[in-house]
Amino acid sequence: MRPTGKLHLGNYMGALANWVKLQDQYECYFFIADLHALTTDYADTSQIASNTLEVALDFLAAGLDPKRCTIFVQSQVKQHYELPLLLGMITPIGWLERVPSYKEMQENLTGKDLTMYGFLGYPVLMASDILLYQADFVPVGQDQQAHVELTREIARRFNQFYKLDGQEVLPEPKVLLTPSPKLPGTDGRKMSKSYGNTVLLTDPEHVVRQKLKTMVTDPARIRRSDKGDPDKCPVGDLHKVFSTPETLAKVYDGCRSAGIGCIECKGWATDALVQVLQPIQARRASFSGAQVEQILEDGSNRASIRAEQTMLEVRAAMQMIRTAPAAQ
Ligand code: SF4
């Protein structure tokens, strides 16, 4: 995950909540991708270090446990600088230019000049992030599948060129599709930091209440007496994700018959959100900054050891290890 600052409910439901389950099923590596932040924020790096700590805190708050998974910072594992360079030598530029997010981000981030070598190459960085751990699976949403597919292509190309004792070195990772429920932000669009429509994992109850008060609803309900439809309302979508079946039934009933008002309905949605946020916030408060730093250092050391195992094989397969000249 990129260090974009404090995480929001969309990040939690789209990734973190699933990762917390995965840590008991697989040997997992989760990292904060501060090198990736440089591909777009190269001109102002002042927030990257503090944002990295915030994201680490949110990882821990969500329930990632450093005893059950490895949590690390990308830039602290030096092999993340080495493998992209080597893989970059064999990755055709055409493969990078056709990655869907390459054009999309250039169009959307209009205030930034993204005609950079680093930005074009970020899928190689991403492929390296995966291949360094010889990963079997990558937990991603639908929109990230293209990156994993490119990673597989790069691994395949590497394995065609180089082998170690006749064996392939980089296994092709598979996609582990993450269920990510539709989570609207307060303006009804997808919850996203760039839209400014988020509910943060750190928002206290009164802030959540305030944010939901102004949330858009079914446009058909202009007056209290108008009937509405939760299936056409972003607040209804929140209820579907967070509320109990009983509350959801009351919402459908009350909205469609105009028996409840939107204020009341939003109050129930807030109650459900607060139930989810409270344990996350309590866990966050239990970690000191020094503890988080230590967890990241330990995790980065563990990740370095695993990544170096792969790099020994990669360097040997590419014959990048100098051998001593034979004795006369
Ligand atoms: S009652 Fe609830 S679901 Fe219906 S329009 Fe209002 S906020 Fe949306």
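The first residue of the sequence shown is numbered 1, and numbering continues consecutively from there. Worth knowing before you read on, the calculation uses all heavy atoms, side chains too, and leaves out hydrogens, waters and symmetry mates. In each ligand, atom 1 is the first atom listed, and ligand 1 is the first ligand listed. Please read all numbers here as calculations on a predicted model, not as lab measurements.
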Asks: Please, which pairs that meet ring pair (Phe, Tyr, Trp, His ring centres under 6.0 Å) have at least one residue in residues 42-66, sequence neighbours excluded?
Replies: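 Every pair satisfying ring pair (Phe, Tyr, Trp, His ring centres under 6.0 Å) with a residue in residues 42-66: W19-F59.
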Asks: Using a 6.0 Å distance limit plus a 45 degree cone around the ring axis, check whether R306 lies over the aromatic ring of Y133.
Replies: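 So R306 doesn't make the cation-pi contact.
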Asks: Give me the protein N, O or S atoms that fall under 2.8 Å of atom 6 (Fe) of ligand 1, sorted by chain and residue number.
Replies: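 Result, waters dropped: C262 SG.
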Asks: Taking side-chain contact (heavy atoms from CB on, under 4.5 Å) as the test, write out the residues that go with S257, two or more places apart.
Replies: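 For S257, no residue satisfies side-chain contact (heavy atoms from CB on, under 4.5 Å) once neighbours in sequence are set aside.
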Asks: Do NZ/NE/NH1/NH2 and the carboxylate oxygens of K112 and D41 come within less than 4.0 Å?
Replies: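 Yes.
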Asks: Under 3.5 Å, sequence neighbours excluded: what are the donor-acceptor pairs made by side chains of residues 116-124?
Replies:
residue: Y122; atom: OH; partner: S101; partner atom: OG; Å: 2.4
residue: Y122; atom: OH; partner: H147; partner atom: NE2; Å: 3.3

Asks: Counting N and O atoms only, with roles assigned by atom type, does the side chain of K6 sit under 3.5 Å from a partner on the main chain of L201, one being a donor and the other an acceptor?
Replies: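 Judged by distance alone, no pair lies under 3.5 Å.
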